Amino acid sequence: MAEYTYILVEQAERIATVTLNRPRELNALSFQVVDELAAALETLDHDETVGCIILTGAGEKAFAAGADIKEMADKTPVSMLNGGFDAWSRIRKVRTPLIAAVNGYALGGGCELALHCDIIIASENARFGQPEIGIGVIPGAGGTQRLARVLGKYRTMEMVLTGSPVSAQELADLGMVNHVVAQADLLPEARKLAQKIAAQPAVAAQLAKESVLAAFETSLEEGLEHERKNFFLLFATEDMREGMRAFIEKRKPDFKGR
Ligand code: CO8
């Protein structure tokens, strides 16, 4: 595993945990942080021993308080264009299931990072928001689009037009947060969920993720076609044969990720 300055990567039992590690700056997402994150996630995505990735923030205060405002303050459109925003596309393309374990503020790019994940578990003190309007910009890593798809127009409008943060419980009630737990239980609960996902046949998990994500990008007709092709494709895997044989033989399957 490569050396990183602002993130920590741990791997155990098919689960990788990636921690944004800049707690003094509330894990603010400088370009280097996002670039390191994209590189680490890509490496883990290509590692057959990893079946699920947990993404969290160091400290008890923040998952990530957004893009690094001090770094952005003097940027121009051209320097932003050349500044490495494609790292977000690399994060979007990760096929391995991603769990966000949101341990505090998830603001701006931090909220958008959680929205790149497939499951969001949050601690009771977590607060999500898109406060960019207060510093003269708008969400730039997918917030307006992904929030609108998850929460609908009106709730999203209120978040991006007022910038006010929203509690984890409120977002759980609205379907954006899967589980709200005590801070001390956050990583143990995320790991329990990750264990269940990592124990599944890996190709099926990846294609399940890809198929669900297609629902946000295609018409129903196209999405159904996409799902069906992925369903048929899984009949080419050894794990499909093993899974069905194990069911018939009344034993536990031994999946190989192939
Ligand atoms: N960028 C840089 N530094 C930050 C950031 C940030 N986003 N957030 C906090 N910090 C720093 C503070 O400057 C402070 O440093 P210092 O001690 O040197 O002054 C330290 O972290 C602790 O922060 P506070 O003292 O402010 O802590 P409080 O408990 O008083 O407040 C808040 C916590 C409410 C989270 C507050 O820090 C805050 O409002 N932060 C900014 C939140 C924000 O506006 N985020 C949106 C940024 S814009 C954005 O995300 C655009 C996304 C575009 C795409 C993504 C590209 C990466």
Side-chain angles (χ1 to χ4, degrees), residues 4-7 18-42 55-94 98 100-117 120 122-151 155-171 176-177 183 186:
Y4 301 109
T5 308
Y6 295 120
I7 59 168
V18 178
T19 306
L20 301 166
N21 190 28
R22 234 191 138 196
R24 260 197 330 189
E25 290 84 8
L26 306 188
N27 302 321
L29 300 167
S30 65
F31 283 98
Q32 185 178 343
V33 173
V34 183
D35 203 49
E36 288 188 9
L37 181 61
L41 292 177
E42 272 175 347
L55 182 54
T56 193
E60 298 212 333
K61 204 164 162 187
F63 174 70
D68 188 323
I69 300 170
K70 293 164 192 165
E71 182 184 56
M72 271 191 315
D74 295 322
K75 294 274 186 199
T76 65
V78 173
S79 61
M80 285 302 279
L81 191 67
N82 296 328
F85 249 68
D86 54 337
W88 289 93
S89 312
R90 291 160 62 200
I91 296 171
R92 179 169 59 82
K93 287 183 186 147
V94 170
L98 289 174
V102 178
N103 53 307
Y105 288 115
L107 302 179
C111 185
E112 291 168 306
L113 184 57
L115 287 165
H116 275 70
C117 295
I120 301 179
S123 58
E124 288 157 341
N125 65 319
R127 291 174 78 70
F128 296 74
Q130 299 290 164
E132 290 91 339
I133 196 150
I135 52 169
V137 287
I138 64 169
T144 61
Q145 302 306 297
R146 290 200 176 88
L147 273 182
R149 280 167 167 77
V150 177
L151 301 178
R155 211 59 195 80
T156 302
M157 282 292 187
E158 191 172 332
M159 282 179 78
V160 301
L161 289 175
T162 67
S164 302
V166 179
S167 72
Q169 189 54 57
E170 193 176 334
L171 289 175
M176 185 175 130
V177 169
Q183 177 86 267
L186 183 66

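All figures in this text were calculated on a predicted structure; none of them were measured in a lab. Just so you know, ligand 1 is whichever comes first in the structure, and atom 1 is the first atom listed for that ligand.
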**Request:** Considering only protein heavy atoms, determine whether one is less than 4.0 Å from atom 37 (O) of ligand 1.
**Result:** yes
**Asked** Right, does atom 1 (N) of ligand 1 have protein non-hydrogen atoms nearer than 4.0 Å?
**Response** yes
**Complete:** Of all protein heavy atoms, the one nearest atom 23 (O) of ligand 1 is L26 CD1, 3.6 Å
**Asked** Going by atom types only, do N21 and T19 share a side-chain donor-acceptor pair under 3.5 Å?
**Response** no
**Request:** Among all protein heavy atoms, pick out the one at the shortest distance from atom 15 (O) of ligand 1; state its residue, atom name and that distance to 0.1 Å.
**Result:** K70 NZ, 3.4 Å
**Message:** Checking a contact table here: which protein heavy atom is nearest atom 57 (C) of ligand 1, and how many Å away?
**Reply:** L29 O, 3.4 Å
**Criterion side chain to side chain contact (heavy atoms under 4.5 Å, CB included) on D68 and R22, from CA distance to verdict** = CA-CA 11 Å; D68 188 323; R22 234 191 138 196; 2.9 Å; yes
**Is_contact(atom 13 (O) of ligand 1), protein non-hydrogen, under 4.0 Å** = yes
**Item:** Audit row: I120, F63, side chain to side chain contact (heavy atoms under 4.5 Å, CB included) steps and yes/no
**Value:** CA-CA 12 Å; I120 301 179; F63 174 70; over 6 Å; no
**Check ion pair R155-E170 (N to O, under 4.0 angstrom)** = yes
**Prompt:** More than 12 foreign heavy atoms under 6.0 Å from CE of M80: is that the case here?
**Reply:** yes
**Part of V137 within contact of ligand 1 (heavy atoms, under 4.0 Å)** = neither
**Message:** Closer than 4.0 Å to some heavy atom of E112 - which atoms of ligand 1 meet that?
**Reply:** 52 (C), 54 (C)
**Prompt:** Any idea which atoms of ligand 1 are less than 4.0 Å away from a heavy-atom of I135?
**Reply:** 48 (S)
**Item:** Main-chain N/O of A141 paired with E112 side-chain donor or acceptor, under 3.5 Å
**Value:** yes
**Request:** If you have a sec, work out which protein heavy atom is nearest atom 4 (C) of ligand 1 and how many Å separate them, to one decimal?
**Result:** E25 O, 3.9 Å
**Prompt:** Would you say the side-chain atoms of E71 pair up with the backbone N or O of F31, donor to acceptor, closer than 3.5 Å?
**Reply:** yes
**Fill in**
The closest protein heavy-atom partner of atom 55 (C) of ligand 1 is W88 CZ2, 3.6 Å
**Prompt:** Quick one: does ligand 1 sit under 4.0 Å from the side chain of P131, the backbone, both or neither, non-hydrogen atoms only?
**Reply:** side chain
**Message:** For atom 29 (O) of ligand 1, what's the nearest protein heavy-atom neighbour? Residue, atom name and distance, please.
**Reply:** K61 NZ, 2.6 Å
**Request:** For atom 27 (O) of ligand 1, decide whether some protein heavy-atom distance is shorter than 4.0 Å.
**Result:** yes
**Asked** Is it the side chain, the backbone, both or neither of F85 that has a heavy atom closer than 4.0 Å to ligand 1?
**Response** side chain
**Item:** Short side-chain to backbone donor-acceptor contact, S123 and L186, under 3.5 Å
**Value:** no
**Asked** Can any side-chain N or O of E36 pair as donor or acceptor with the backbone N or O of Y6 at less than 3.5 Å?
**Response** yes
**Message:** Tell me if a side-chain donor or acceptor on S79 pairs with a main-chain N or O of K75 at a distance below 3.5 Å.
**Reply:** no
**Nearest protein heavy atom under 4.0 Å from atom 42 (C) of ligand 1, yes or no** = yes
**Asked** Which atoms from ligand 1 have a heavy atom of A141 less than 4.0 Å away?
**Response** 54 (C)
**Asked** So with a 6.0 Å cut-off around CD of E60, is the heavy-atom count from everything else above 12?
**Response** no
**Prompt:** Looking at ligand 1, does R24 have a heavy atom less than 4.0 Å from it?
**Reply:** yes
**Message:** Test your reading of the structure: does A65 have an N or O sitting under 3.5 Å from an N or O of ligand 1?
**Reply:** yes
**Complete:** Correct closest heavy-atom pair for A106 and V102 would be CB-CG1, 3.8 Å
**Asked** So do the side chains of L41 and I91 get within less than 4.5 Å of each other, counting heavy atoms only?
**Response** yes
**Message:** Considering non-hydrogen atoms of the protein only, which is the closest contact for atom 53 (C) of ligand 1, and what is the distance?
**Reply:** G140 N, 3.8 Å
**Item:** Best match, A67, G110, G66, P139: closest heavy atom to atom 6 (C) of ligand 1
**Value:** A67
**Message:** Would G109 count as a polar contact of ligand 1, with the cut-off being nitrogen or oxygen pairs under 3.5 Å?
**Reply:** yes
**Item:** L151 and M159, any side-chain heavy atoms less than 4.5 Å apart
**Value:** yes
**Where T56 and N103 come nearest, the two heavy atoms and their spacing** = OG1-OD1, 3.6 Å
**Asked** Looking at A28, which atoms of ligand 1 are within less than 4.0 Å of one of its heavy atoms?
**Response** 1 (N), 2 (C), 6 (C)
**Asked** Tell me, which protein residue and heavy-atom name are nearest atom 39 (O) of ligand 1, and how many Å apart are they?
**Response** L107 CD1, 4.7 Å
**Asked** What atoms of ligand 1 come within less than 4.0 Å of a heavy atom belonging to D68?
**Response** 1 (N), 2 (C)
